[in-house]
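Convention: sequence-line order gives letters A, B, ...; per-chain numbering from 1.
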Amino acid sequence: MKQKIEALILQAVETLKQNGVLAQETNPQVIIERTRDAQHGDYASNLALTLAKAAKTNPRQLAEQLIAALPEDAVITKVELAGPGFINFFIDPYAQHAIIETIHQAGPAYGLSQVGAGKKIQVEFVSANPTGPLHVGHGRGAAYGSVLADLLQAVGFNVHREYYVNDAGRQMDILATSIWLRYLEECGEVLPFPSNGYRGEYVRNIAWDIHDKSGNEYRRPVDLVLEDIPADEPQGGDKELHIDALIARTKTLLGAGLYRDFFQIGLNTILDDIKDDLHEFGVDYQQWFSERQLMDDGSVEQALACLRAGGHLYEKEGATWFASSNLGDEKDRVVVRENGQYTYFASDIAYHMNKLDRGFEQIIDIWGADHHGYIPRVRAAIQALGADESKLKVLLVQFATLYRGEEKVQMSTRSGEFVTLRQLRNEVGKDAARFFYVLRRSEQHMDFDLKLATSKSNENPVFYVQYAYARVCSVLRQLDEKGWERNLQLGIDNVRLLSAEHENQLIATIARYPELLERAALQYEPHQLIHYLRELAHEFHTYYNAHQFLVDDAGLRNARLNLICAVKQVLANGLNLLNINTPESM
RNA sequence: GCGCUUGUAGCUCAACCGGAUAGAGCACCAGCCUUCUAAGCUGGGGGUCGCAGGUUCGAGUCCUGCCAAGCGCGCCA
């Protein structure tokens with residue numbers, strides 16, 4: 001419909017060019033908007049307002065001339081000049097009725113499109129360190145990323161979902177050491193636990209499990225473990241020096257081989273838990289990409305060689321630096337430490353080079369907002385690698401501040417005091433959790449009230465949408481009980497009986513679903529889909545209260561059934577995209 | 001101090017490339033169940049769009065300054 005009106009307006013513009021009203025070189029971008037107010041018709045164009053200046057005339061006069069030059073069209077019942085120079089189009093209310101039949105034919109495919117044109121696009125999200133279970137902060141990134149990926153796929157992109165596993169680096173060593181110390185306790189040793197270690201209950205569980213399976217294989221005498229280790233913070237020492245010494249001691253006492261085994265068991269256990277957790281949350285990936293693999297297969301070395309060849313690296317104070325400040329970063333960054341180890345940033349450069357090499361036309365990184373300072377250096381790296389930095393899009397997800405009623409919930413992975421995603425799912429269920437997370441724009445700070453989300457009452461908006469779906473199902477059950485059958489063709493033949501205001505409104509809303517999907521996807525804003533579904537559900541509930549569907553007149557009955565079945569289909573398509581269930585009864 | 005993000009109704013949030021009288025939900029008030037599920041519907045009150053300038057036919061939206069909140073500013077990840 002938009003295209004149709006656009007074409008008509010362009011014809012009018014051509015006519016005015018010939019009349020000399022508009023300059024020959026006028027090549028306007030015609031914007032047709034759906035109106036927000038029914039008084040303004042169905043569609044509106046602001047073309048006269050934007051062209052008035054160039055045409056050296058006032059907008060209302062130009063709009064009048066445009067309207068006069070507009071070709072006749074059966075679908076358009078009225079064209080009005082309004083306000084400062086808007087052109088409002090009123091559409092024949094029956095013109096949109098055909099969408100009901102379209103929806104019945106397309107079914108689950110209704111709303112899908114090909115604007116993405118099969119473009120290869122990668123979405124990397126969550127990518128939490130495998131040092132513990134996912135918490136509710138990760139949940140938002142998981143819900144946002146997965147819905148965004150599904151949206152992009154729905155509009156025709158070739159989407160690759162990926163999780164970057166930070167399975168190398170110091171944090172992982174701290175984890176392995178933490179598990180080992182708990183394991184020693186399991187063996188019967190008594191020793192202090194480092195203040196900087198991972199204290200969560202899951203660490204004990206892994207240790208318990210290893211002890212159960214391997215007995216005392218990894219056991220070493222506690223006095224050897226603690227010998228000459230610098231004091232921990234509570235004892236007046238430095239917690240970083242303390243933990244680093246413990247890591248080194250763990251490696252020495254176990255030896256490289258056993259340490260590696262032990263490390264791997266810890267990593268696998270936690271990663272399996274994360275995979276399982278996300279899967280149950282409705283989040284699945286095409287690939288789990290290992291950071292350590294980049295280290296092991298020489299990718300990091302190769303990436304740094306590439307930067308070096310481009311003259312972007314230099315040595316200073318024993319470390320190797322990337323001159324990112326030449327490329328928009330606020331300062332240069334270390335890539336190889338004084339001790340010869342790569343920084344996290346070094347492997348991330350290699351990772352992004354790898355992404356580019358895999359031929360993605362667009363790379364979307366979804367990060368927690370606390371990583372925003374990291375963006376300029378990654379962009380700098382991509383430029384230094386000789387790639388087009390506009391291929392990278394970084395989307396930030398603000399962490400949710402967690403409340404339990406009025407009380408703010410403090411979270412820290414290290415101390416083990418946090419609410420896990422799994423706990424949240426167990427309390428509120430997958431549907432409500434996903435719905436809640438996607439409800440708000442991702443850059444928006446968000447207060448997540450556990451008390452509210454866990455309430456199984458009508459305060460929870462997910463039920464409202466699901467209830468609309470269940471209500472349609474219920475009507476169909478009633479139909480069956482009355483011994484009637486739905487007749488699609490009879491309904492189509494009588495579609496013009498759908499003339500009530502509620503019906504026209506509902507038809508207009510389901511008709512714009514494809515546009516909505518496209519916009520939500522291209523703007524990376526899944527919350528638009530949620531808001532749309534709430535609106536659709538609301539219009540359905542209103543319709544339900546205002547009109548009886550199961551009337552004696554078979555023509556009207558089937559016309560209405562076709563409409564509510566089309567609503568049901570759109571609700572299902574939207575909820576499926578969100579990976580939220582569609583209950584047949586509630 | 002510098003940088004990024006945010007600031008809209010009592011609370012939580014929307015507002016499509018700048019567009020017409022800024023909208024929902026919750027909460028509050030008043031109504032609607034002998035009729036397809038009341039987890040629903042109808043109506044009502046409630047606003048200095050953080051503040052001040054600027055850009056223009058038009059600004060919640062763009063620009064500048066200020067105020068406030070969150071985050072960041074490691075040879076951590």
Side-chain angles (χ1 to χ4, degrees), chain A residues 29 31 33-37 39-40 44 46 48-50 52-53 58-60 82-86 88 127-129 131 166 168-172 174 240 291 316-321 330-331 333-345 347-348 368-376 396 398-399 401 439-441 443-449 452 456-464 466-468 470-479 481-482 512 515-516 519-520 523 525 527-528 530-531 534-535 537-538 540-551 560 564 585-586:
Chain A
Q29 202 194 348
I31 296 169
E33 268 194 335
R34 285 184 186 270
T35 57
R36 293 174 197 181
D37 187 336
Q39 285 179 12
H40 301 138
N46 62 352
L49 292 162
T50 58
K53 201 168 200 179
N58 81 63
R60 283 188 67 97
F86 289 102
N88 292 338
S127 299
N129 286 350
T131 53
N166 297 126
R170 182 164 171 266
Q171 294 305 321
M172 288 306 297
I174 294 176
E240 304 293 349
E291 178 189 8
K316 190 178 91 182
E317 295 163 1
T320 305
W321 297 69
E330 61 183 15
K331 58 174 93 159
R333 309 290 174 178
V334 171
V335 286
V336 185
R337 288 194 273 262
E338 210 174 345
N339 64 12
Q341 289 195 321
Y342 295 123
T343 58
Y344 171 82
F345 180 45
S347 46
D348 220 11
D370 53 337
H371 286 64
H372 62 76
Y374 202 75
I375 298 173
L396 299 176
Q398 291 286 349
F399 276 123
T401 312
L439 190 56
R440 280 81 195 256
R441 244 171 60 229
E443 321 88 86
Q444 186 71 251
H445 292 271
M446 167 180 178
D447 288 347
F448 197 125
D449 185 350
L452 181 68
K456 294 228 160 52
S457 70
N458 57 354
E459 289 171 321
N460 220 324
V462 62
F463 296 127
Y464 184 79
Q466 288 179 320
Y467 184 45
R471 262 187 159 171
V472 179
C473 295
S474 175
V475 171
L476 295 176
R477 283 193 297 271
Q478 290 289 322
L479 178 77
E481 278 169 31
K482 286 178 192 268
R512 74 182 165 92
E515 286 170 34
L516 180 281
R519 206 175 70 215
Q523 297 182 351
E525 292 188 343
H527 74 274
Q528 291 188 22
I530 298 256
H531 285 274
R534 288 178 83 168
E535 192 182 330
H538 175 250
F540 170 76
H541 287 309
T542 302
Y543 181 39
Y544 180 97
N545 274 276
H547 295 277
Q548 191 78 14
F549 308 146
L550 301 178
V551 292
R560 286 181 172 168
I564 67 169
S585 66
M586 292 174 73

Are A/Tyr464 and the base of B/A39 stacked, counting only ring centres nearer than 5.5 Å and planes tilted under 30°?
no
For B/C17, glycosidic torsion class - syn if within 90° of 0, otherwise anti
syn
For B/G60, which nucleotide is its Watson-Crick or G-U wobble mate, given both distances must be under 3.5 Å?
none
Of A/Lys482 and A/Thr50, whose nearest nucleotide on RNA chain B comes first from the 5' end?
A/Thr50
When the ring planes of A/Tyr374 and A/Phe345 are compared, do they come out parallel, tilted or perpendicular, using 30° and 60° as the limits?
perpendicular
Using purine N1 to pyrimidine N3 plus N6-O4 or O6-N4 for Watson-Crick, or N1-O2 and O6-N3 for G-U wobble, each under 3.5 Å, what pairs with B/C11?
B/G25
What is the nucleic acid contact for A/Thr320, judged by heavy atoms within less than 4.0 Å: base, sugar-phosphate only, or nothing?
nothing
Is the aromatic ring of A/His531 within stacking range of B/A14, meaning centres under 5.5 angstrom and planes under 30 degrees?
no
Between A/Asn88 and A/Ser474, just flag the one whose closest nucleotide in RNA chain B comes earlier from the 5' side.
A/Asn88
For atom C1', what is the distance between B/C71 and B/C57, given to the nearest Å?
40 Å
For the P atoms, the ones on B/C16 and on B/C63, what distance do you get once it is rounded to whole angstrom?
16 Å
What is the base-pairing partner of B/C33, counting Watson-Crick and G-U wobble geometry with both distances under 3.5 Å?
none
Can A/Arg471 be said to sit on top of A/Phe540's aromatic six-ring, NZ or CZ under 6.0 Å from centre and within 45° of the ring axis?
no
Which base, if any, makes a Watson-Crick or G-U wobble pair with B/G18, both distances under 3.5 Å?
none
Below 4.0 Å: OP1/OP2 of B/G23 and any side-chain N or O of A/His538:
no
Report the nucleotide, chosen from B/G19, B/C36, B/U12, that has the shortest atom-to-atom distance to any side-chain atom of A/Gln548.
B/C36
Does OP1 or OP2 of B/A14 have a side-chain N or O of A/Gln444 closer than 4.0 Å?
yes
Looking only at side-chain N and O atoms, does A/Arg441 come under 4.0 Å of OP1 or OP2 in B/A14?
yes
Using Watson-Crick or G-U wobble geometry with both distances under 3.5 Å, which nucleotide pairs with B/G70?
B/C4
If you only use heavy atoms from C-beta on, which nucleotide in B/A20, B/C36, B/A14 is closest to the side chain of A/Thr35?
B/A20
Hydrogens and angles aside, do A/Gln171 and A/Thr131 bring a side-chain donor and acceptor to less than 3.5 Å of each other?
no
Is there a side chain to side chain contact (heavy atoms under 4.5 Å, CB included) between A/Val475 and A/Tyr544? Walk through the geometry before answering.
CA-CA 10 Å; A/Val475 171; A/Tyr544 180 97; 4.1 Å; yes
Looking for any heavy atom pair under 4.0 Å, which part of the strands does A/Gln523 touch: base, sugar-phosphate only, or nothing?
sugar-phosphate
What interatomic distance, in whole Å, is found between C1' of B/U21 and the corresponding atom of B/G60?
15 Å
Under 30°, 30 to 60°, or over 60°: which ring-plane class applies to A/His531 and A/His527, parallel, tilted or perpendicular?
perpendicular
Contact under 4.0 Å: A/Gln39 side-chain N or O vs B/U21 OP1/OP2
no
Taking syn as a glycosidic torsion within 90° of 0 and anything else as anti, which one is B/C33?
syn
Below 4.0 angstrom from OP1 or OP2 of B/A15, is there any side-chain N or O of A/His527?
yes
Base, backbone or nothing for each nucleotide of nucleotides 72-77 of chain B, written B, S, -, heavy atoms under 4.0 angstrom, 5' to 3'?
SSSBSB
Please give the distance between the C1' atoms of B/A14 and B/G53 as a whole number of Å.
28 Å
